[in-house]
Trainee: 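Sharing a structure with you now.
Just so it is clear, the model here is predicted, and its values are computed rather than measured. Just so it is clear: chains get the letters A, B, ... in the order the sequence lines come, proteins before strands, and each one is counted from 1.
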Number of protein chains: 2
Amino acid sequence: MPRWKPDAAERLQAAALDLFDEQGFERTTIAEIAQRAGLTQRTFFNHFTDKREVLFILSAELQQRIVQEIATCDDTTPPLDTVVRALEAVAETVLEQRRTVTARRHAVVTANPELHERELSKNAALTTAIATELHTRGHPRQTAFLAAGAAMLAQQAAFHQWTTPGETRTLSHLLTEAVHSLSTTVSNPATRKSHQR
Amino acid sequence: MPRWKPDAAERLQAAALDLFDEQGFERTTIAEIAQRAGLTQRTFFNHFTDKREVLFILSAELQQRIVQEIATCDDTTPPLDTVVRALEAVAETVLEQRRTVTARRHAVVTANPELHERELSKNAALTTAIATELHTRGHPRQTAFLAAGAAMLAQQAAFHQWTTPGETRTLSHLLTEAVHSLSTTVSNPATRKSHQR
DNA sequence: TGACGTGATTGCAGCTTGTGCAATCACCGT
DNA sequence: ACGGTGATTGCACAAGCTGCAATCACGTCA
C-alpha cells in the first residue's frame, strides 16, 4: 500500500466543492476541507496558493488546450472565427461532458463574490493568452485583443444560457448563435460612421 | 478646530497609492497606510471593507453616472451607441481631468494581481449595471449584455492606448476608434453565416 | 542487506487581514 | 447645562497564509 492516498489535489477539490455547496465559501475553513480529504491545512497550501484556487484546477489545462487549438488553425480564417472554433472544440471535448459537475461548480462560483472575482481573473488571463497567440500569428495587437475579447464575450453569454435550467442545446451551438447576435449588435448600420484613418 | 481632520477616506487613498507605488501592494500593511494618514488600522476598516477597496473609491460614483447617462438618452439610438456615448461623456468629464493621477493609479493596479483582479470585478459589475439599464429600456437580455460587454471591451482597448507613454489623443476619440475596429473585427464578411433562428 | 537521497506530508510559530464589541470624546441642538 | 450623534480607537480573536524544520515510506544503488 502506498504511504499516501493518491490524487490529493483532486480529493481536496472535491471536498471543497461539496463544502462550499453545503455551507458556503466563507463559512468553510481550510482545515475543514483538508480534514474531509484526509489531509492537513498545511498540505492544502502545498497544492494551492489560495483558498479560491482549489476550484480552478482545470483552467490552466483549459487555457493551454485552447491556445494550442488556435495555433493549429488555418491562417486564412479571420481571427474571431479562429478563436470561436477553438472555444467550440474545447467546449465540446471537456465542458460538454461533466455537464452536471460544471453546472454545480458554476453555481458555487457565482454564488460567492470572491470566487466570482477569481473566475473573472482566469477569464482575463485566457483572453490575453488568446490575444497573444493571435498576435504571434500576425494580427495587430488591437485586433487580436478585440477578437479574443469578443469571442470570450460571446462565450460568456452562451455559457450563461447553457447553465439555465430548461436549456438542452449544446454549448457549441449556443456559442455560434451568440456570436451571430454579437455581430448584429455591434455592426448595426445606424450611427457608426465610416471613419477610416 | 475640528476634532478630526476631514476627508479621512481620501487621505487613506492617497497614502495607500503612495505606499503601493513605493514598495508594492503586498509589502504594504494596513497599519502603515493608516499611520501615514494619521489614523488607525481599525479606522481603515471603518471606511473600506477590504485592503484593495481603498483604490476604488471612484468606481461607485462612476458607475452611477454612466447608468444615469444611459437613462437620459434617446430611445431610438441602437444600444451599443447609447453605451459608448455614455462612456465618452463620463470619460470626458472625470477621467480626462486627473490624467496623471489616473495613470499612476492604473500603473499600480496593473502591477499587482490582486488589485487587477478587483478592477476586473468592478468592470464586470459596471457591465451588468449597464446591461440591466439597457434591459429596462426595452432591449432583450442577451442584446443588452452583448452591447454592454462590447462597449466595455472597446473602452478597455481605448484605455490601454490612452495610458501608453506617447499617446496624446483624447480618450473619447480613442474609444470611437476602438468601436470602429471592433465593428470590422466582429462583422467580418467571411465565415459568419446568416443562420437565423 | 544496508545506507542514502527523494518527495509528499506534517507541526509549529508567526504575521497579516478582517470582524465584533465596547468605550471615548468633541460637536450640535435643545 | 445636558443628552444624542457619529467618527475614531483599543482589544480580543478567528481565519488565511508563509517559512522552516522534521518525519517517514519508497526507490536506488553499492
Trainee: Under a 4.0 Å threshold between the charged nitrogen and the carboxylate oxygen, would A/Asp18 count as salt-bridged to A/Arg104?
Mentor: yes
Trainee: Thinking salt bridges, do A/Arg65 and A/Glu69 make one under a 4.0 Å N-O criterion?
Mentor: no
Trainee: Can you identify which nucleotide, out of D/dC17, C/dT17, D/dC11, has its nearest atom closest to the B/Thr29 side chain?
Mentor: C/dT17
Trainee: Check the pair B/Arg36, B/Glu22 against salt bridge (charged side-chain N to carboxylate O under 4.0 Å, His left out), reporting the backbone distance first and the verdict last.
Mentor: CA-CA 13 Å; B/Arg36 180 170 293 205; B/Glu22 292 171 13; 3.2 Å; yes
Trainee: State whether A/Lys51 and A/Glu26 are salt-bridged, where the test is any N-O pair (Lys NZ or Arg NE/NH1/NH2 against Asp/Glu carboxylate O) under 4.0 Å.
Mentor: no
Trainee: Among D/dT8, C/dT17, D/dC17, which nucleotide sits nearest the side chain of A/Gln41?
Mentor: D/dC17
Trainee: Taking DNA chain C as the partner, which of residues 30-40 of chain B come within under 4.0 angstrom of it by heavy atom?
Mentor: B/Ile30
Trainee: Near DNA chain D, which residues from residues 44-57 of chain A have a heavy atom under 4.0 Å away?
Mentor: A/Phe45, A/Thr49, A/Asp50, A/Lys51
Trainee: Ignoring hydrogens and angles, does a donor from either the side chain of B/Arg42 or the base of C/dG18 sit under 3.5 Å from an acceptor on the other?
Mentor: no
Trainee: Would you call B/Arg169 and B/Glu167 a salt bridge, taking side-chain N to carboxylate O under 4.0 Å as the test?
Mentor: yes
Trainee: Give a yes or no on whether a salt bridge exists between B/Glu119 and B/Arg105, defined as a side-chain N under 4.0 angstrom from a carboxylate O.
Mentor: yes
Trainee: Could you tell me how far apart A/Phe25 (CZ) and D/dA15 (C1') are, to the nearest whole angstrom?
Mentor: 11 Å
Trainee: Please assess A/His135 against A/Phe145 for the test ring-ring contact (aromatic ring centres under 6.0 Å, His included), listing each intermediate value before the final yes or no.
Mentor: CA-CA 8 Å; A/His135 179 56; A/Phe145 175 72; over 10 Å; no
Trainee: Report the distance from atom CG of B/Leu12 to atom P of C/dT17, rounded to the nearest whole Å.
Mentor: 14 Å
Trainee: Any salt bridge linking A/Glu117 with A/Lys122? Criterion: basic side-chain nitrogen under 4.0 Å from a carboxylate oxygen.
Mentor: no
Trainee: B/Gln23 has an atom CD; how far is it from atom P of C/dT16, in whole Å?
Mentor: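 So the two atoms are 12 Å apart, to the nearest Å.
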